[in-house]
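Worksheet: the structure to be examined is printed underneath.
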Amino acid sequence: MEAMPEEKAEFEEAEIKYVSYGGEHHLPLIMNLVDQELSEPYSIFTYRYFVYLWPQLSFLAFHKGKCVGTVVCKMGEHRNTFRGYIAMLVVIKPYRGRGIATELVTRSIRMMMESGCEEVTLEAEVTNKGALALYGRLGFIRAKRLFHYYLNGVDAFRLKLLFPPPPRQELSPSLDT
Amino acid sequence: MDGHSPKLASIPASDSTVWADASPLLQAACTGLRDGELIHGDNFNLFAAMSALEIMDPKMDSGIVCTYYSIDEAIENGAAPIPISLDSTIDVQRTIDIMDHLLACEAAWHKGHSLAQTVFSCIYLLRLDRTAPHALLHSYCRVIRATCKAVVSVVSDARAHEEEDLFTMTYGLPLNGDGDDKCLSMLNAVEETISRQLRACKAASSKRRLPEDLEPLQSNSNLEEGFCKALLCRLRFRKHFFHVLACMKRPQGRGLESARKHIASCMTELESILKSADFIRSCFGESYEGDIDDKTTASGREPIGFDAMLNSRLSAPTPPRAIKILSWKKAVQYFVKLLHDLDVICSYPLDPHLESLLRFVVQFQISQPDLVARSHLQLLLVQDGKLYGRDPFFAVITKAAALPEATKNHDIQKNESILQLGMLVMNLLKILCTNAAWQRRKHGKFLQDWRVIYVQLELAFRNEFGEVSSSSNDENICMKIFQHILLWVEEKTYWIAFRFLILGFELELYSTSEYCMVYWYLYAVLTKLAEKTHLKIAVSYDIAKRKGKKKKDSPKDLARESRIPPAVLFLQCYICLAEGLTMILAALRNEISVFQSPGPFNTEQEKFVQHFELLQRACIPDHVSYPSYKESTTHACFSTLAMYNYFKDAQRIAKEVKSSFSNDPDRLAELRKLEQVAEHNSVAQNLICRLGALDPSLKVSFELSHHPFFATVVVKRS
């Protein structure tokens, strides 16, 4: 067992490249990141479901050719609202705290907004202060608390972001001044 | 997997099945698809594929053999020996370990883990019949099984567990045993034997010989007394706990008094169990390393006969996540709390007044009782569609609405809307017994129903009495009933809205940047609630006056009429605090731009809409919207704040109203907290008004340190 103290990577924010999901070659990168950092046992089919159906909503962050973060999402109709859902968000430990996760999520949410989503939702452990702060800054509210949502007995918050209604279309052409 | 592959004999082929090697087929299948390809069919798309398992992945495949393939194999390999040891002293020690671990498992189950991974990880319990030669273990296991069955039954009946559904899933575990109803007599027989043994070894110093028919429990006579005592308190706890459950199950609360006696006995035995730990550890000889407080047994040893993985195939295709069983100490603490909560329930005098009952349930929930206690409360309150199984809900409503006693027999109870109202009240009581998260969601959802009922009743009222002229006596009564009930329904609706809002604080749903709008909305709801409560009390006072047949109003009566009732004053104290907090938050936001969080994707308006959607949809209250919120708070600033101190008002009211609640310790306690909040906030407000705009080093925060939903303003220098 390694007992190294966590080392922070050194980098400039501009060195991080953000890329939209580009195909099968990105899949093992995403899978490795998520398998490493999150405890859910996802089969390859789970990943394929998201990235095949909504490739435009998944993003990867690279630093000097190495994949350091990813976000995986979906969107669809849910009880008469068209809604986006953030399924997985991971940034490896040495790269945390520098806004990479925020940038990944922001890109995905922007894409959802442009695709006509009315709101975005996700669940997060009530103890995950980092995630709650991140999403809070982006405008999510804690809509519900889910008792013992996780199998280890921890509660979850359902976080929701409501987009403002789209601006009304101009009915008559504007006059030239 | 070498050495652990199941012998083919343990999974025999039958008449219609045969073992065949599928490796070539799988090999061919592997080369049949390229990376990125997926078999596609009518019933098999990407979504369905997510349920696929990777066989032999221990995180996903619960069919993987970990230790033993089956319970029988475990037993064949000596995992649960009977007797536990040929050495009687060790046998007794190990039996106590099993009892302790089972208690820890039971507490873990109550706390939300599955029965299969906790209590039924015990191999002895899974094959109870084979323990028959070991009277002590056998009777103990039987009582455990019968107890678990009783608890599952209570929680299922209450269905308070929708969010906590892991609890009642028994997955085909052997919960039903023949003869389990006689488990207590078996336990009593064993208890009697050990009691006699204890008496004998206590008398052994004076008498030379033990009576001939008594066999000692184990071979070390120095330890005999200690072991007898350790066993007796454990057996007696189980016996009394089983009795508690049986008594509380009796209809209409008939068994509550007896239950209290058994609860007291349980507490005594739990104390003895804790005290026995010293003896149990001392007769060991081995020194113990590590933290004994974390262990699931008093002795600190791992118990024999438990394997949580044996049931994994019963649970689900995916293996359950490994869980941590509570420590033995924490398990005892859990049962102490559970028994305390049950005792509170058993002490309740079944008050027919709904208002007192609602206050009792709200107060009870403050100590955060667990599922088992809450289920018992719910079953006591709502049985056979009646309150306490005794009072029809129409009678309860008419009493709460301050209508005369005879009203409860009135035909109006057959009215469809009145029937629905009865159901809503019944649901309200059930909801109040659920966990806070679930409760808030249900309150929000049912607000709409309460509003609809009000509208329906109002419509029915207007249809019947549109033209109010000289009416018959019966019409008069009907009119009175409608009037009172309408008023009462409105008051209840605002009360539910109030609960919905304040539960958000307990559940930590609001960030500080949202406090301003929340307190503003709370202020609006409380204002309406106070208004309706005041009207309701005035109307009930009217009835009382009329009953008293007073010809002339005495000065005392007039004074009483013009005085604001204490219940309303209490609400006014709330109102002042809500208003004060709204204004101070608004001023801080307007003057020094704190507690706002503009995000890139939306504005404060969207957050307002989301937080109050359910209230807005039900028009609770009317004429409240984001623009009116903005209007109320846009001009708040430090100079306007300095002009009026709502917190001082709150302080004054709290002081004034204390004497009216001298018989109500809970409300007195809350008033003290409200006073503290008001005092702190008054001082903080003065400070902020004097220095706020000038001193950038001033840091203001809002902490729920004194009161569960009114924040204390804390001002610090950074």
Side-chain angles (χ1 to χ4, degrees), chain A residues 23-25 27-28 35 39-54 74 76 87 102 105-106 109-110 112-113 117-120 126 132-133 135-165, chain B residues 34-36 38 45-54 57-61 108 111-114 163-164 166 318-324 371 434-441 444 503-504 506-511 513-514 597-611 613:
Chain A
E24 194 71 17
H25 61 287
L27 192 53
D35 274 349
S39 57
E40 296 297 315
Y42 292 137
S43 73
I44 190 169
F45 304 105
T46 303
Y47 296 97
R48 289 235 174 87
Y49 167 73
F50 287 101
V51 303
Y52 273 40
L53 295 174
W54 301 278
K74 66 180 258 194
T102 303
V105 170
T106 301
I109 293 175
R110 193 159 286 134
M112 290 170 182
M113 192 168 70
C117 283
E118 295 158 65
E119 58 181 23
V120 182
V126 304
L132 296 174
Y135 291 108
R137 282 191 298 269
L138 291 176
F140 284 79
I141 66 154
R142 296 171 219 166
K144 288 180 189 166
R145 185 160 178 146
L146 306 165
F147 189 70
H148 287 184
Y149 186 74
Y150 295 102
L151 284 174
N152 57 2
V154 176
D155 293 356
F157 286 124
R158 176 144 302 130
L159 303 175
K160 274 202 195 172
L161 172 79
L162 181 67
F163 292 124
Chain B
R34 286 196 308 268
D35 267 358
L38 179 72
N45 57 12
L46 277 167
F47 184 76
M50 281 207 285
S51 314
L53 304 168
E54 288 184 22
D57 180 338
K59 275 206 218 166
M60 274 194 248
D61 183 357
K111 280 281 193 187
H113 294 297
S114 76
E163 274 295 286
E164 308 160 70
L166 211 53
T318 334
R321 211 74 61 76
I323 61 164
K324 196 158 186 271
L371 176 59
T434 61
N435 68 68
W438 184 251
Q439 202 183 126
R440 187 179 192 267
R441 295 214 301 283
L503 278 170
E506 183 184 323
L507 298 169
E508 299 173 294
L509 295 180
Y510 311 129
S511 69
S513 64
E514 291 153 20
S597 56
F601 295 110
N602 63 4
T603 68
E604 195 188 23
Q605 181 159 12
E606 278 71 54
K607 295 190 190 183
F608 184 96
V609 164
Q610 283 183 284
H611 272 305
E613 183 186 346

Of the listed residues (Leu132(A), Leu161(A), Leu53(A)), which shares the most heavy-atom pairs with chain B below a 4.5 Å separation?
Leu161(A)
Who wins among Lys324(B), His611(B), Glu514(B), Gln605(B) for the most heavy-atom pairs under 4.5 Å with chain A?
His611(B)
Heavy-atom cut-off 4.5 Å, strictly under: side chain, backbone, both or neither for Phe163(A) against chain B?
both
Over all atoms of both residues, closest heavy-atom pair of Leu138(A) and Phe601(B)
O-CD1, 3.8 Å
Relative to chain B, which of Phe45(A), Phe157(A), Tyr49(A) shows the most heavy atom pairs under 4.5 Å?
Tyr49(A)
Of all heavy-atom pairs between Leu162(A) and Glu118(A), which one has the smallest distance, and what is that distance?
CD1-O, 3.7 Å
Name the region of Arg48(A), side chain, backbone, both or neither, that has any atom closer than 4.5 Å to a heavy atom of chain B.
both
Nearest heavy-atom neighbours spanning Thr434(B) and Gln439(B):
O-NE2, 3.3 Å
Could you list the residues that satisfy salt bridge (Lys or Arg N to Asp or Glu O under 4.0 Å) with Lys111(B), not counting sequence neighbours?
Asp370(B)
Between Ala437(B) and Arg145(A), the two heavy atoms sitting closest are CB-O, 3.1 Å
